[in-house]
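Take a look at the structure set out below.
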Amino acid sequence: MPTPKDILYQLPEGRVLDIATGSGGFIHFLLEGLPAYTEIIGLDTNERAATAFPEAFKDKPNIRFEVGDALRLNFEADSFDLVCISNSLHHFADPLPVLRHMERVLRPGGYFLVAEMYRDGQTETQMTHVHLHHWWAAVDTVNGVVHRGTYQRQELVEMVAGLGLEALALYDLADTDENPKNPEILADLNPVFERYLQRAEGYPELQARGEELRQRVEEIGFQGATTLIAIGKKGTR
Ligand SMILES: C[S@@+](CC[C@H](N)C(=O)[O-])C[C@H]1O[C@@H](n2cnc3c(N)ncnc32)[C@H](O)[C@@H]1O
């Protein structure tokens, strides 16, 4: 069975839009698969990402960042060959309008890619990621930032199926060979704990939850939760 990168490898050279790109983490994944592109645009509301993004792609031509809202895409209809959204559907109170906007700017016959981690069927070490994610979402929520918990796989499948894409392919990507107690990963999590514990100030229950999770990371370990990757084609009719 072909992998998502095999599918990306078969795509013709074209324009790519990565919605809610952050500092462009998912574009690195795309670049491992795409043989060529004419332009890649990463779009995000977060202006801070506008600094990290160009730094990350300074050696790559025709990859640029745009500040913009996924719910108000200012691009022409049918103007992209590949549209993507990675680990961001849970950042919208209602993700469906985002998917509809993406569909509008995708040309008929172009590819639609959704990547999103999910919460069911995970190992104990992957559940650390899910629990952490739910804690981050709870802390963001009390700070007025839209951040939902993690979806179940079937919810994601239904959401994407609702787009009526052709040749829809689903993949479950996980890296469970990674050492769950890899000191580098645990060290990377420390500043994230510090940042979120600070953001949770004034919410003792959330602060206590953060400390419990820090302990869980040390005792049980951490592995990334499985991500569903859905790729399909916009119909030509
Ligand atoms: C978890 S990050 C995902 C980053 C990236 N896609 C990745 O996979 O590494 C979620 C991103 O969604 C962005 N975001 C939230 N609401 C948005 C909106 N209405 N329009 C565009 N981006 C938005 C946030 O600023 C944040 O950078």
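Not measured: the values here are computed from a predicted model. All ligand and atom numbering here is 1-based and tracks the order in the structure. Numbers here simply count residues along the sequence, with the first being 1.
- Residues Gln215 and Glu211 have side chains that never bring a donor and an acceptor to within less than 3.5 angstrom of each other.
- Between Glu219 and Arg216 there is no salt bridge, since no side-chain N of the basic residue sits under 4.0 Å from a carboxylate O of the acidic one.
- Taking every non-hydrogen atom of Asn46 and a distance limit under 4.0 Å, the qualifying atoms of ligand 1 come out as 25 (O).
- The closest protein non-hydrogen atom to atom 13 (C) of ligand 1 is Asp44 OD2, 3.3 Å.
- Residue Val217 is tested with Ile185, Leu189, Asn190 for a side-chain contact (heavy atoms from CB on, under 4.5 Å); the sole match is Leu189.
- With atom 20 (N) of ligand 1 as the reference point, the heavy atom nearest to it among Ser86, Ala49, Ala70 is part of Ala70.
- The protein atom (non-hydrogen) at minimum distance from atom 4 (C) of ligand 1 is Ala20 O, 3.5 Å.
- Each of Asn87, Thr150, Thr128 was compared with His133 under the side chain to side chain donor-acceptor pair (under 3.5 Å) criterion, and only Thr150 meets it.
- Nearest-residue assignment for atom 16 (N) of ligand 1 (options Phe92, Phe29, Phe53; heavy-atom criterion): Phe92.
- Residues His129 and Phe222 bring their aromatic ring centres within 6.0 Å.
- With distances taken over non-hydrogen atoms, the option nearest atom 14 (N) of ligand 1 out of Thr45, Ile85, Leu71 is Thr45.
- The atoms of ligand 1 that sit less than 4.0 Å from any heavy atom of Asn87 are 1 (C), 3 (C).
- Close approach of ligand 1 to Gly68 is summarised as follows: ligand atoms under 4.0 Å from at least one heavy atom of the residue are 20 (N), 21 (C).
- Among all protein heavy atoms, the one lying closest to atom 19 (N) of ligand 1 is Asp69 OD1, 2.8 Å.
- The one candidate from Leu73, Thr21, Asn74, Asp18 that meets the side-chain contact (heavy atoms from CB on, under 4.5 Å) condition with Leu43 is Leu73.
- Among His90, Met159, Glu155, the single residue meeting the side-chain contact (heavy atoms from CB on, under 4.5 Å) criterion with Glu116 is His90.
- Within the 4.0 Å heavy-atom criterion, the part of Thr21 lying near ligand 1 is the backbone and not the side chain.
- Ring centers of Trp135 and Phe193: under 6.0 Å apart, within the cut-off.
- With distances taken over non-hydrogen atoms, the option nearest atom 2 (S) of ligand 1 out of Ala52, Ala115, Ser88 is Ser88.
- The side-chain heavy atoms of Asn62 and Ile40, taken from C-beta on, include no pair separated by under 4.5 Å.
- Contact atoms of ligand 1 toward Gly22: 27 (O) (distance under 4.0 Å to a heavy atom of the residue).
- Considering backbone and side-chain atoms alike, Asp18 places every N or O at 3.5 Å or more from each N or O of ligand 1.
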